[in-house]
Every structure is written in C-alpha cells, then in structure tokens.
Amino acid sequence: MKKILVTGGNGLVGSSITSDVKIGKEYDLRNIEETNKMFEKYNPTHVIHCAGRVGGLSANMNYKGEFFYDNIMINTNVIESARKHNVKKLVSFLSTCIFPDNVEYPLTEKKIHFGEPHNSNYPYAYAKRMADIQIRAYREQYGLEYVSVIPTNIYGPNDNFSLNSGHVIPMLLHKMYNAQRDNTDFVVWGSGTPLREFIYSKDIAKLSEWALDNYNEAEPIICSNSIEISITDLVDLLVKEFNFKGKVIFDNSKPDGQFRKPSDNSKLKSYLPNFEFTPIEIGLKETISWFIENYEKTRK
C-alpha cells in the first residue's frame, strides 16, 4: 500500500502537495537520529523531499555557513534514512541556482556540474548539488528509484514573506503591501534589469506528484515554463494588482544577483507536452489575496 510523506509539508510547495503525512518542523532533519525517528514513526513508501533552508539574495549572502550546513545535513539525512527505511521512491527538490555562473544558455539538465555556481549563493548551491550526487550514487549502488526535480523560482501562498530573507516575489509583495499601507515609497533592490523564470507553487506541486509516479531517470528534470520576466516588469505587475499610486525607486547601490539563468524545459515537455502552467498574472493575484487574508499568520 502506497504511503506518501512530504518533508517541508507546511511550506510553499509542500502545503500544496497531496500526501498522507506532512512534516513541518516537528523533527530537526539536520539530526540523523531525529530523521530516523520520523521514518520509523510514519514508515512511508514514497517521499517528496521539499524541506530545506531557503532564502533570497540577502539571506544567502549573509548566512553562507548556515545555508551550507543546514541544507547538506538535511538532504544527506533524509536520503540516507529513506534508503535505510526501504522507501521505494523519493523525489528531491534541487534549485536552478545549482547551475554554473558561467555557462552557455539555456540551462539544461546536463550542465549542472560544468562550473562554479554564482558567488552570491554558492554554499546553498553546492549543498543542493550534493543531493544530486547522493541520489546518483544511491541509484548505482543500491538500485533505488530516487530522482531529482529542478524548479525555477517558486512563488505562491504559504511562502516566506520576510523582508530580510524572503525570495524576490514574496519580499517585493510584502514591501509593496507596507508601502501602500504606510503611504511610503516602494524601494526595490538593484537595477530591475535581471530576468527570472517564475513557477506557481500549485504547478510545481502537480509536477512533483507526477514525478513521484512517472519519472525515473538518474538525471534531474527541470520544471519550468521557460518564460523570463524582468524584475521591472514584475514590479509593474505588482503595482497594477495593488493599484499602488506611490513612488517606485530602484536602489542601484544594492546587488542584482545573477543577471539571468534561462532554462530549457524540453525534457519536461517531452513527457508532458500539454501541461498548462498558471500565468503569472493569475498566480500573483491569488498569492496577493492569500497574503492579505492571512497577513497575521504568514511567515514574515
């Protein structure tokens, strides 16, 4: 009988996935004994591993040691404990930041280890890369059907809307909410020129459930709509959705991060040619509504 456990079950993606058990912060997955206790208690047959320490540009630059240690321990422990407890199938989440900084675009699954990641988040990126190595090694030695998915920038309800450690969409959304409420300027880090690909959390939840049942290649699979949008255009969408009438300021003294990292979703399309991604206008509208309705209890 199939029993699905999701780590990071209260988070951005995990909260949208259909499963039997969702694990939040009840267990410290950096600790192998606690991780083993979790598997012993729930005895899952299948796992979607979403848990990790994540954050935006500022958090990645300021807490490099913590981001490396927390993520490499969480991934190592969950994958090893899943193996020891006879988990049949595991889907592990990677990130597009694992790709090399200097690499020919678009990004494909074959280019993950072609060079150093961007210096703004290389500790997190290397920790995530090691999950790919661990899964490959375990497949080869133990014959396990463990796989990895690489989503682009995920956004949606249940995100971390922190002004200090949030990713770009939730952080900007929260900043605009405050600017609207307080009648102040809306200040955006950087020039606004960088390009990003965003995917709605409900879409990536569907894709991870699909991967659990249908994907079994050793090579990871990129989960993206491969549509780029500039930070400036994203800000314009937020201004429109909030009907913001204040002043928008781009602070060029702050870093931009990587300029762009366009992905090639050919592999995904070969499996799911008719998959319909949620347009960012709709995803943003739903995320903003959720944030306003749940403001008091959001992570911020």
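We're numbering straight along the sequence, starting at 1.
One finds a salt bridge joining Arg136 and Asp132 here, because a Lys/Arg side-chain nitrogen approaches an Asp/Glu carboxylate oxygen to under 4.0 Å. For Asp264 and Lys111, the salt-bridge test fails: no basic side-chain N is under 4.0 Å from an acidic carboxylate O. A salt bridge is absent between Lys37 and Glu34: the closest approach of a Lys/Arg side-chain nitrogen to an acidic carboxylate oxygen does not fall below 4.0 angstrom. Using a 4.0 Å cut-off between charged side-chain N and carboxylate O, Asp70 and Arg30 make a salt bridge. A salt bridge does not link Lys88 to Glu145: none of the charged nitrogens lies less than 4.0 Å from a carboxylate oxygen.
Side chain of Gln180 to main chain of Phe242: a donor-acceptor pair is present (N/O by atom type, distance under 3.5 Å, no hydrogens or angles). Side-chain N or O atoms of Asp182 include none that pairs as donor or acceptor with a backbone N or O of Thr184 at under 3.5 Å. Side-chain atoms of Arg129 do not come within 3.5 Å of backbone N or O of His113 as any donor-acceptor pair. The closest donor-acceptor contact from the side chain of Lys175 to the backbone of Val188 lies at 3.5 Å or more, if one exists at all. Proximity of a side-chain donor or acceptor of Tyr146 to a complementary backbone N or O of Gln134 within less than 3.5 Å is not detected. No donor-acceptor pair under 3.5 Å is formed between the side chain of Ser201 and the backbone N or O of Val13. No donor-acceptor distance shorter than 3.5 angstrom exists from the side chain of Asp185 to the backbone of Val187, with no hydrogens or angles considered. Looking only at distances, no side-chain donor or acceptor of Asn71 sits under 3.5 Å from a matching main-chain atom of Gly52. In this structure a side-chain-to-backbone donor-acceptor pair under 3.5 Å is present from Ser226 to Ser263.
At a threshold of 4.5 Å between side-chain heavy atoms, the hydrophobic network of Ile, Leu, Val, Met, Phe, Trp and Tyr places Phe39 and Met73 in two separate groups. In the hydrophobic clustering of ILVMFWY residues, with side-chain heavy atoms under 4.5 Å counting as a link, Tyr177 and Leu284 come out together. Residues Trp290 and Leu163 do not share a hydrophobic cluster, clusters being chains of Ile/Leu/Val/Met/Phe/Trp/Tyr side chains in contact below 4.5 Å. Transitive grouping of hydrophobic side chains (ILVMFWY, heavy atoms separated by less than 4.5 Å) keeps Tyr126 and Leu107 in distinct clusters. Ile229 is not connected to Met171 by any chain of hydrophobic side-chain contacts under 4.5 Å among Ile, Leu, Val, Met, Phe, Trp and Tyr, and they are in different clusters.
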| message | Apply side chain to side chain contact (heavy atoms under 4.5 Å, CB included) to residues Asn178 and His174 and explain how you reach the verdict. | response | CA-CA 6 Å; Asn178 288 352; His174 189 181; 3.6 Å; yes

### Task
Walk me through it: do Ser208 and Ile17 pass the test side chain to side chain contact (heavy atoms under 4.5 Å, CB included)?
CA-CA 8 Å; Ser208 63; Ile17 294 172; 3.5 Å; yes

Run the side chain to side chain contact (heavy atoms under 4.5 Å, CB included) test on Leu173 and Ile288 for me, step by step, so that the C-alpha distance in whole Å, both residues' side-chain angles and the decisive distance to 0.1 Å come before the verdict. CA-CA 7 Å; Leu173 191 160; Ile288 291 166; 3.5 Å; yes

Worksheet item: Could you go step by step and tell me if Glu286 and Ile282 meet the side chain to side chain contact (heavy atoms under 4.5 Å, CB included) rule?
Response: CA-CA 6 Å; Glu286 291 184 9; Ile282 294 173; 3.7 Å; yes

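When every heavy atom of Asp203 is checked against every heavy atom of Phe275, the shortest pair comes out as O-CZ, 3.9 Å. Closest non-hydrogen pair, Lys2 versus Asp20, comes out as O-OD2, 3.9 Å. Contact record, Ser270 with Pro273: O-CD, 4.3 Å, taken as the closest heavy-atom pair. In this structure, Cys50 and Val6 approach most closely via the heavy-atom pair SG-CG1, 4.1 Å. Looking at every heavy atom in both residues, Ile72 comes nearest to Thr76 through O-OG1, 2.6 Å. Minimum interatomic distance between Tyr138 and Glu80 (heavy atoms only, all atoms of both residues): OH-OE1, 2.6 Å.
Taking CZ from Arg299 and CG from Leu12, the interatomic distance works out to 7.5 Å, rounded to the nearest 0.5 Å. Here CD of Glu40 is found 10.5 Å from OG1 of Thr35. Values are rounded to the nearest 0.5 Å. A distance of 9.0 Å separates OH of Tyr271 from CG of Asn214, quoted to the nearest 0.5 Å. Distance check: Asn158 CG to Lys297 NZ gives 8.5 Å after rounding to the nearest 0.5 Å. Between the CG atom in Leu207 and the CD1 atom in Ile222 there is a gap of 12.5 Å [rounded to 0.5 Å]. One finds the CG atom of Asn265 at 9.0 Å from the OG1 atom of Thr152 (value rounded to the nearest 0.5 Å).
Around atom OH of Tyr69, no more than 12 heavy atoms belonging to other residues, nucleotides or ligands sit under 6.0 Å away. For Tyr63, the OH atom counts as loosely surrounded, since its 6.0 Å shell holds 12 or fewer non-hydrogen atoms of other residues, nucleotides or ligands.
Thr287 places none of its side-chain heavy atoms less than 4.5 Å from the side chain of Asp159. With contacts defined as side-chain heavy-atom distances shorter than 4.5 Å, the pair Asn43/Asn86 does not qualify. The shortest distance between side-chain heavy atoms of Lys64 and Phe67 does not fall below 4.5 Å. In this structure, Ser15 and Asn10 have side chains that are not in contact, with every pair of non-hydrogen atoms separated by 4.5 Å or more. Counting heavy atoms from C-beta on, the side chains of Asp101 and Glu116 never come closer than 4.5 Å. Between Tyr124 and Val54 there is a side-chain heavy-atom pair separated by less than 4.5 Å. For the pair Met130 and Asn75, the minimum side-chain heavy-atom distance is 4.5 Å or more. Under the 4.5 Å side-chain criterion, counting only non-hydrogen atoms from C-beta, Ile169 is not in contact with Arg196.
A centroid separation of less than 6.0 Å is found between the aromatic rings of Tyr155 and Tyr200.
Legend: residues meeting ring-ring contact (aromatic ring centres under 6.0 Å, His included) with Tyr122, ordered by chain and number and at least two apart, are absent. Take Asn77 and apply the side chain to side chain donor-acceptor pair (under 3.5 Å) test, not counting sequence neighbours, and it matches no residue.
No hydrogens or angles considered: a donor-acceptor pair under 3.5 Å links the side chains of Arg139 and Asn216. Ser81 and Asn36 share a donor-acceptor pair across their side chains, judged by distance under 3.5 Å alone.
Between Phe161 and Phe291, the ring-plane angle classifies as tilted under the 30° and 60° cut-offs.
Figure legend: cation-pi geometry between Lys300 and Tyr295, with NZ or CZ positioned under 6.0 Å from the six-membered ring centre and within 45° of its axis.
Exactly one of Glu219, Glu104, Glu217 qualifies for a salt bridge (charged side-chain N to carboxylate O under 4.0 Å, His left out) with Lys110. That residue is Glu219.
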Donor-acceptor contacts under 3.5 Å from residues 89-99 side chains, at least two apart:
residue : atom : partner : partner atom : Å
Lys89   : NZ   : Ala211  : O            : 3.2
Lys89   : NZ   : Leu212  : O            : 3.1
Lys89   : NZ   : Tyr215  : O            : 2.7
Ser95   : OG   : Cys97   : N            : 3.2

